[in-house]
Amino acid sequence: MDFTLNEDQRAIEDAARVFAAEELAPNSARWDEDKHFPVDVLRKAAGLGFAGLYVQEDVGGSALTRLDASIVFEQLSYGDVPTAAFVSIHNMVSWMIDQFGSDDLRQRYLPRLTSMELIASYCLTEPGSGSDAAALATTARRDGDSYVLTGSKAFISGAGTSDLYLVMARTGAAGAKGVSAFVVEKNQPGVSFGAQERKMGWNAQPTAQVNLDEVRVSEANRLGGEGEGFRFAMAGLDGGRINIASCSLGGAQLALDTAREYLLSRRQFGQALAEFQALQFRLADMATELDAARLMVRRAAAALDARDPKATQYCAMAKRFATDTGFEVANQALQLHGGYGYLKDYRLEQIVRDLRVHQILEGTNEIMRVIIARELLRQ
């Protein structure tokens, strides 16, 4: 095992770090306060190849590995967690089209997705089916060489702003095998959006319901064959779980670094906080657990790249551990700041709010335990 990044990975890490420091970090608090979705900055990220990280090069992708992408998302989230997380979602949709779409679909959409001329959202969750995703009720009724989609998708990042929506809809019987995947354009008749959700965190990206009322979609906009959509959705989520875990690493690393500087500079009872052994031990535990999470995430990414049979289990393990650890590290960093940590003048409260949702999305951490246990008990 080699835990050292190679020269190319160091260059990728440096590029993402510089972009985050120059374009994301200086604006993060304002975007959170104003609930601003920085589309112009997203397109700058696309100019560095970050919008098609593991998409093939013939359609403008960067053709990087999942490990490379994890490194990018960790650095971007050090600058701003919700923006990095949205770039992850966009990449997940682009990869699914690249991996499972026809050549016509790839050529029609991916050059504009990898440049972020078009922005994409992933639509699986519904008001009545969250963790039980295979129970989705949105239907796609066959009508000649088209499908007519009807239903609603909930908690959709980018809803109302994104140009494309990768929608999982039911074309067959109940259960996972009756689900197909479709690319739906924003301006198609019958597409509408609910009110923007008022959220605890992730304020720098819009979240709303996507409503489909008899939306006619060409058969050419279906990924793969009928009934394959749920499998595609789960394959996308394996990578998405690594990405969101990586975003937790970046946000938590910022929290840890901020706490370290505070302990060195703040004095109480005649000495720096950094001289109190209890606080030293707490900081040491935070750093140790965060580093363990990073190793798990990178192991999972490498397993996905290698098509390891245990990749799904490793991705679930990494997502569960890294998002729980990331939130706990950020929360501990806030506690180390005392009352100052609760103020918006410091970034700790924002990091805590932004990282909390990572324990819920891309499959709740309870569902991650279900996946892990199922793999362990498989005979």
Side-chain angles (χ1 to χ4, degrees), residues 9 12-13 15-16 19-20 23-24 37-39 41-101 105-106 109-124 156-159 161-166 181 183 202 204-205 223 232-250 297-298 300-301 304-305 311 315 318-319 358 361-363:
Q9 288 168 334
I12 292 166
E13 183 179 54
F19 182 84
E23 300 289 347
L24 303 184
F37 189 34
V39 173
V41 177
L42 292 176
R43 290 183 173 136
K44 288 183 181 180
L48 295 175
F50 294 161
L53 285 165
Y54 28 83
V55 170
Q56 296 174 69
E57 292 176 305
D58 68 306
V59 285
S62 299
L64 299 178
T65 68
R66 295 290 183 161
L67 178 54
D68 298 334
S70 173
I71 295 164
V72 169
F73 289 122
E74 180 174 352
Q75 293 304 317
L76 292 181
S77 61
Y78 194 93
D80 185 65
V81 169
T83 302
F86 186 82
V87 175
S88 163
I89 294 166
H90 178 90
N91 269 274
M92 181 165 63
V93 174
S94 296
W95 175 80
M96 290 175 67
I97 294 173
D98 187 42
Q99 187 75 13
F100 305 117
L105 205 61
R106 293 178 68 252
Y109 290 122
L110 285 173
R112 290 182 291 165
L113 286 169
T114 54
S115 67
M116 266 191 163
E117 175 188 342
L118 299 178
I119 296 172
S121 291
Y122 177 87
C123 300
L124 176 62
I156 305 304
S157 292
T161 299
S162 291
D163 306 285
L164 296 181
Y165 298 85
L166 184 55
V183 177
W202 267 30
Q205 56 167 275
L223 269 63
F232 298 162
M234 294 302 103
L237 283 175
D238 275 346
R241 287 164 184 160
I242 294 171
N243 294 348
I244 209 64
S246 303
C247 290
S248 286
L249 297 178
V297 171
R298 293 184 178 179
L304 200 57
D305 286 326
C315 290
K319 192 270 180 182
H358 294 191
L361 51 81
E362 310 289 31

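Note that the coordinates shown come from a computational prediction; the quantities given were computed from them, not determined experimentally. Side chains are part of it too, since the values below use all heavy atoms of this structure and drop only hydrogens, waters and symmetry mates.
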Checklist entry - Hey, mind stepping through Lys44 and Glu23 against salt bridge (charged side-chain N to carboxylate O under 4.0 Å, His left out) and telling me if it holds? => result CA-CA 9 Å; Lys44 288 183 181 180; Glu23 300 289 347; 3.4 Å; yes
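- Scanning all heavy atoms of the two residues, the minimum distance from Ala15 to Phe50 falls at C-CZ, 4.4 Å.
- Once rounded to the nearest 0.5 Å, the distance linking OG1 of Thr83 with CG of Leu42 reads 6.5 Å.
- The only member of Asn243, Val72, Asp68 that meets side chain to side chain contact (heavy atoms under 4.5 Å, CB included) when paired with Leu53 is Val72.
- Under the 4.5 Å side-chain criterion, counting only non-hydrogen atoms from C-beta, Met92 is not in contact with Leu166.
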Next on the checklist: Quick one, Val41 with Asp80, criterion side-chain contact (heavy atoms from CB on, under 4.5 Å). Give me CA distance, side-chain angles, the key distance, then yes/no.
Outcome noted: CA-CA 12 Å; Val41 177; Asp80 185 65; over 6 Å; no
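- Atom CG of Asp163 is separated from atom CE of Met116 by 10.0 Å, given to the nearest 0.5 angstrom.
- Judged purely by atom type and a 3.5 angstrom limit, Arg43 has no side-chain atom pairing as donor or acceptor with the backbone of Ser115.
- Using a distance-only test at 3.5 Å, with no hydrogens or angles considered, no donor-acceptor pair links the side chain of Ser70 to the main chain of Arg66.
- Here the SG atom belonging to Cys315 is positioned 11.5 Å from the CD atom belonging to Glu362, to the nearest 0.5 angstrom.
- Nearest approach of Gln75 to Ala16, heavy atoms of both residues: CB-CB, 3.6 Å.
- Partners of Asn91 according to the side-chain hydrogen bond (donor to acceptor under 3.5 Å, both in side chains) rule, which considers only residues two or more places apart in sequence or in another chain, do not exist here.
- Taking OH of Tyr122 as the reference point, atom OG of Ser162 lies at 14.5 Å (rounded to 0.5 Å).
- Note that CZ of Arg241 and CG of Leu361 are 10.5 Å apart. Values are rounded to the nearest 0.5 Å.
- Heavy atoms only, all atoms of each residue included: Ala318 and Ala245 are closest at O-CB, 4.0 Å.
- Applying the side-chain hydrogen bond (donor to acceptor under 3.5 Å, both in side chains) rule to Gln56 yields the partners Asp98; only residues at least two apart in sequence or on another chain are considered.
- Qualifying side-chain contact (heavy atoms from CB on, under 4.5 Å) partners for Thr114, counting only residues two or more places apart in sequence or in other chains: Val55.
- Contact between Ala84 and Ser77 at its shortest, heavy atoms only, is CB-N, 3.5 Å.
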Next on the checklist: For His358 and Val81: C-alpha separation, side-chain torsions, deciding distance, then whether side-chain contact (heavy atoms from CB on, under 4.5 Å) applies.
Outcome noted: CA-CA 10 Å; His358 294 191; Val81 169; 3.6 Å; yes
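- Considering every non-hydrogen atom in both Ala120 and Leu113, the closest pair reads CB-CD2, 3.8 Å.
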Checklist entry - Can you check ring-ring contact (aromatic ring centres under 6.0 Å, His included) on Trp95 and Phe232, steps first, answer last? => result CA-CA 10 Å; Trp95 175 80; Phe232 298 162; 9.2 Å; no
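- Interatomic distance, OG of Ser157 versus CD1 of Ile119, reported as 12.5 Å (0.5 Å rounding).
- Closest approach of Tyr54 and Ala69 over heavy atoms only: CE2-CB, 3.6 Å.
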Checklist entry - Going through the distances and angles, do Arg298 and Ile71 end up as a side-chain contact (heavy atoms from CB on, under 4.5 Å)? => result CA-CA 9 Å; Arg298 293 184 178 179; Ile71 295 164; 4.1 Å; yes
Checklist entry - Is there a side-chain contact (heavy atoms from CB on, under 4.5 Å) between Val93 and His90 once you walk through the steps? => result CA-CA 5 Å; Val93 174; His90 178 90; over 6 Å; no
